[in-house]
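Chain A is the first sequence line, chain B the second, and so forth, proteins listed ahead of strands; every chain is numbered from 1. Atom set for the values below is all heavy atoms of this structure, side chains included, hydrogens, waters and symmetry mates excluded. Bear in mind that the values here come from a model prediction, so they are computed numbers and not experimental data.
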2 protein chains.
Amino acid sequence: MPTIQDVAKLAGVSTATVSRALSGSRPVGAGVKRRVQEAAEQLGYRHNVLAQALRTQRSRTIGMVVPQISNPFFPLLVEAVERRLQQDGIDLLLCDSHYDLDVEARRLRTLTDRHVDGIIISPLHATDSAPAIRTAAELVPVIQIDRQVEGLAGHWVGVDDAVGFSQLVDLLVARGRRRLVFVSSQLDNSSARDRAQTFEKSLARHGLEPAAPALLGRFDVSWGLEAAQRLVDDFGDSRTSGHGPTGGGHGGYGVYGGPDGVVCGDDLIALGVLRGMSRAGIAVPDEVAVTGFDDIAFAEISDPPLTTMRQQWDVMADECARLLKQDLTGGSRRIAVAPLLQLRGSTPRIAPA
Amino acid sequence: MPTIQDVAKLAGVSTATVSRALSGSRPVGAGVKRRVQEAAEQLGYRHNVLAQALRTQRSRTIGMVVPQISNPFFPLLVEAVERRLQQDGIDLLLCDSHYDLDVEARRLRTLTDRHVDGIIISPLHATDSAPAIRTAAELVPVIQIDRQVEGLAGHWVGVDDAVGFSQLVDLLVARGRRRLVFVSSQLDNSSARDRAQTFEKSLARHGLEPAAPALLGRFDVSWGLEAAQRLVDDFGDSRTSGHGPTGGGHGGYGVYGGPDGVVCGDDLIALGVLRGMSRAGIAVPDEVAVTGFDDIAFAEISDPPLTTMRQQWDVMADECARLLKQDLTGGSRRIAVAPLLQLRGSTPRIAPA
DNA sequence: TTGAAAGCGCTAACAT
DNA sequence: ATGTTAGCGCTTTCAA
């Protein structure tokens, strides 16, 4: 591997000049510049990023920590961020915390050890993630994305849950639904908390109360399935007896007296609920409407397709990149991006007469 | 940030001794070792990975390039690899080539520029990805994963397509299906090519021919939807008229004379096909059986659930890690991991009488 | 077993 | 505008 020395020798200049000519950090004679470039070209010179990083204390790398990359929500985020950073010639060190606080803390350490220029993290816990993040934030700019920890004067970019969930509740109410229930993950992360709050507040605006206590489990499909089953069981629907793995048939419309609208904390849960209802033979949206959140790819092809809020990943990625380029000392930026309603078949089409 | 010098001073030894004591690269006096460790602890000393990398020419980082992280197949791979590398204290630089050859080549360059210790790549094109990979492979060990380029004496870890698809074909034939068709992506990548070949060979083993020419588009849901529509249209089914967005109802069983088994190149396509068939009112698996490949999370909750082949991500990740630790000079390792059949509702349950 | 010192490849003062 | 030189923080000969 040729070094800057080799280029300098071949071009007949000093290494400093080569550095300047190649990086453009200082003006350099036009002829010299060309000679240097030719020499570099000829030798197949490639910049040693490691040496540069050691010297400048900037690694042109940012670290990203997500709770679980195989949750289809996060790849959408990661993809948008990666694409955006690439535009600035910055690489992405991806870390998966596997929903484990220790792992999360360790990953933050390795990122700061590597002198990344910034960290984008979706903290897995609303309070317990705080210490590790605080420590990291003392060394390098940290942007929280999507989720955030409480009581930390940090920076955050995410979706506007308040806008999102009040729109969904308003929609269901406008379409005549009055018995709404909220199904989400445990309230151990900020997203779940914000969403649960907004749900209740929005209902209150309409003078309504939840039809049942919120069902809180995990952000995944199987929890949605289970929650649907519970709803059906709790409300003593006669059709629940036949919920075999092949689906419980469309026959025999008994009395379903449960909630007529299920607002889910994310699309994974909603897709599970949809499937659970279909297995129990309960018609969506006629008997029960279902809404999701995020608009992952599969929301479009469920049966019926899922009404949900689309997150604007690109906008969030832009905001993260912008923040990381700024001087972030002092204060804490909080950027909430409004999601967009995707009206599909899992909610009733028109208002009742 | 304290450096090794600070630790040396506090412990009253030389930097060399600190280095040895902390890394264990050479024996060090027991008492000295303890003193050094205490000093490091006390100062909150953290290793500067950049400096170490510059000196040792090893970065404890490996790069991974995938065609598109938002395709739910790849996160499963990335997650397994990331988890495995973490065990060895190695970090993952993730790159998304966005199905663009130029981007892929550029990403490979930045990875080699960063002196990663190895690269794991799923090449997006069966032939055109070769030059960039060859260049990278001259500088650093490269393992191809899942997909591979042709005519390159490189290393590869992936799924055993031959085993997988012949098992699927055998299954369908055993269940009485004779009119099979293959739906996949364009044959520009190795996976699609291998799978198409195996499909035809397996049919031939049973003395059969494809019921129709293979439908080749993209590895995504919308292509599956479109392919299903084409199959229905081409075979003049009377029910195709009513395929509105809300699903085409289960009424009116006309004559469906099309293929009775659709073997799909991956789960995304299969889920699209499933949905397309349901919209057209064609019963799965009674009228047409559908199989997928990969076993992504959503395969379990489609309606009906998808019969598919489960990939053993962890095994593949292990193999990659193992290969990267070996001396790979000379020869080319090719490791095919057999997938596991997941029998679900999209294929008929029992053999015909 | 330990220390002194060179140097990985680069950039940024500080000269000229 | 260009060159000289001193490191960034670490590891590793080489010598003791």
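Expressed to the nearest 0.5 Å, how far CD of B:E79 lies from CG of B:D314 amounts to 8.5 Å. A distance of 10.0 Å separates CG in B:L324 from CZ in B:R84, rounded to the nearest 0.5 Å.
Inspection of the B:E104 and B:S129 side chains reveals an N or O donor paired with an N or O acceptor under 3.5 Å. Under 3.5 Å, the side chains of B:H98 and B:D96 contain a donor-acceptor pair of N or O atoms. Under the 3.5 Å distance criterion, with hydrogens and angles disregarded, no donor-acceptor pair is assigned to the side chains of A:S97 and A:R106. At a cut-off of 3.5 Å, with distance as the only test, no side-chain donor of B:D194 or B:S190 sits close to an acceptor on the other residue.
Nucleotide C:dC8 holds its C1' atom 14 Å from the CD1 atom of A:I4, rounded to whole Å. Note: CG (A:L54) to P (C:dA12) measures 12 Å, nearest angstrom. Atom C1' of nucleotide C:dC10 and atom NZ of A:K9 are separated by 16 Å, given to the nearest angstrom. Taking atom CG of residue B:L50 and atom C1' of nucleotide C:dG7, one finds them 17 Å apart after rounding to whole Å. Rounded to an integer number of Å, the gap from CG of A:N48 to C1' of C:dG7 is 13 Å. Atom NE2 in B:H115 sits about 12 Å away from atom C1' in C:dC10, given to the nearest Å.
When each of B:A51 and B:V32 is assigned the nucleotide of DNA chain C bearing its nearest heavy atom, the one mapping closer to the 5' terminus is B:V32. In this structure, B:R55 and A:H47 both approach DNA chain C, and ranking their closest nucleotides by distance from the 5' end singles out B:R55.
When DNA chain D is scanned 5' to 3' for any atom under 4.0 Å from a heavy atom of chain A, the first and last hits are D:dA1 to D:dG9.
Residues from residues 18-30 of chain B that place a heavy atom under 4.0 Å from any atom of DNA chain C, listed by number: B:R20, B:P27, B:V28, B:G29.
For B:S14 and C:dG3, the shortest distance from a side-chain N or O to OP1 or OP2 is below 4.0 Å.
Picking from C:dA12, C:dT2, C:dC10 the nucleotide with the shortest atom distance to the side chain of A:Q52 gives C:dC10.
Using a 4.0 Å cut-off between charged side-chain N and carboxylate O, B:R193 and B:E150 make a salt bridge. With salt bridges taken as basic N to acidic carboxylate O contacts below 4.0 Å, one links B:R107 and A:D91.
Across B:G44 and B:P2, no two heavy atoms sit closer than the pair O-CG, 3.7 Å.
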